[in-house]
Amino acid sequence: FVAAGALQTPLLLVRSGIGPAHDLQRLGIPPVSELNEVGFGLHDHPYLPLMLETGLPCNQDKAESLQNIFAFVETLSQAKASSNDAAVELQLTPRCKAIGGNAPTLTYKVYIILLHSKSLGRVVAKSANAADLPVLRLDMFSGSAPDPYQLIRDARD
């Protein structure tokens, strides 16, 4: 059993000669075992960032006391009790922001985050050198995965 994290495990395997034949050949690594699945199946959480300007006055000195707000929801119109049942995480990060020389107002950075993405990406070794970082191919909005449509539906809710 080998585990070095979601990004480093595929690199460790490929650099050890375990992985897709075309990757091993491209890197000049003698194959020990050809496993086409190595590096595939990377999941991430796509998100839609928004800015919400409230127009409410905000005191810069008290800005540090503002708390982040987190909500886990099936859709944005239906709150859930726990993140296990939720499809979307809604994060609101408050901040005081002065726009155009005006007095600071309360602004929220809003993130609509898909918790159960259908998109699959890939981790690819750039070289056989262990010091080189991997290439991440997230492919969030490619193919037939419904993630972009789900983000749009959740934002409209």
Side-chain angles (χ1 to χ4, degrees), residues 2-15 19-20 23 26-27 37-157:
V2 175
L7 304 181
Q8 295 299 322
T9 299
L11 297 181
L12 179 64
L13 290 170
V14 167
R15 289 175 178 148
D23 284 351
R26 176 179 55 80
L27 299 170
E37 297 83 12
V38 173
F40 288 87
L42 179 65
H43 279 98
D44 202 354
H45 302 285
Y47 64 90
L48 181 63
L50 305 168
M51 189 67 75
L52 174 64
E53 295 178 7
T54 67
L56 299 171
C58 185
N59 185 336
Q60 286 287 81
D61 296 333
K62 299 195 181 197
E64 295 87 34
S65 66
L66 297 172
Q67 298 291 316
N68 286 344
I69 300 169
F70 300 92
F72 298 96
V73 294
E74 183 59 37
T75 65
L76 291 183
S77 60
Q78 226 177 8
K80 290 290 184 180
S82 80
S83 62
N84 295 334
D85 301 329
V88 177
E89 178 180 350
L90 180 64
Q91 287 184 9
L92 289 95
T93 304
R95 48 197 269 206
C96 288
K97 187 174 181 183
I99 299 174
N102 296 324
T105 57
L106 178 61
T107 302
Y108 284 95
K109 231 177 171 181
V110 180
Y111 297 96
I112 301 170
I113 305 165
L114 285 184
L115 296 178
H116 306 289
S117 173
K118 304 286 189 267
S119 300
L120 295 175
R122 182 168 184 228
V123 179
V124 181
K126 192 183 323 184
S127 76
N129 184 345
D132 285 345
L133 296 174
V135 173
L136 302 180
R137 295 188 179 148
L138 295 175
D139 297 330
M140 282 295 163
F141 303 112
S142 66
S144 61
D147 292 346
Y149 307 110
Q150 185 65 44
L151 273 173
I152 291 167
R153 275 193 301 273
D154 291 331
R156 284 194 320 217
D157 281 350

Which atom of P134 lies closest to which atom of Q8, heavy atoms considered: CD-NE2, 4.5 Å
Does A4 offer a backbone N or O that forms a donor-acceptor pair with the side chain of T9 under 3.5 Å? yes
Separation of L13 CG from D23 CG (nearest 0.5 Å): 12.0 Å
Give the minimum heavy-atom separation between L90 and L92, together with the two atoms involved. CG-CD1, 3.8 Å
Of the non-hydrogen atoms in V123 and A6, which two are nearest, and what is the gap between them? CG2-O, 3.9 Å
Go through the steps for Y108 and T54 under the test side chain to side chain contact (heavy atoms under 4.5 Å, CB included), then give the verdict. CA-CA 8 Å; Y108 284 95; T54 67; 3.9 Å; yes
Can you check whether V135's main-chain N or O pairs, donor with acceptor, with R122's side chain at less than 3.5 Å? no
Apply side chain to side chain contact (heavy atoms under 4.5 Å, CB included) to the pair L120 and H43, showing each step before the final yes or no. CA-CA 5 Å; L120 295 175; H43 279 98; 3.1 Å; yes
Minimum heavy-atom distance L106-C58, with the two atoms named: N-CB, 3.5 Å
N129 versus A131, closest heavy-atom pair with distance: OD1-N, 2.8 Å
Go through it in stages, so that I can follow the logic: the residues are V88 and L114, the test is side chain to side chain contact (heavy atoms under 4.5 Å, CB included), and I'd like the CA-CA distance, side-chain angles, deciding distance and then a yes or no. CA-CA 5 Å; V88 177; L114 285 184; 4.3 Å; yes
How long is the straight-line distance from CG of L42 back to CG of L7, given to the nearest 0.5 Å? 6.5 Å
R26 versus V124, closest heavy-atom pair with distance: NH2-CG1, 3.3 Å
CA sep, side-chain torsions, deciding dist, call: K97, M51, side chain to side chain contact (heavy atoms under 4.5 Å, CB included): CA-CA 11 Å; K97 187 174 181 183; M51 189 67 75; 4.2 Å; yes
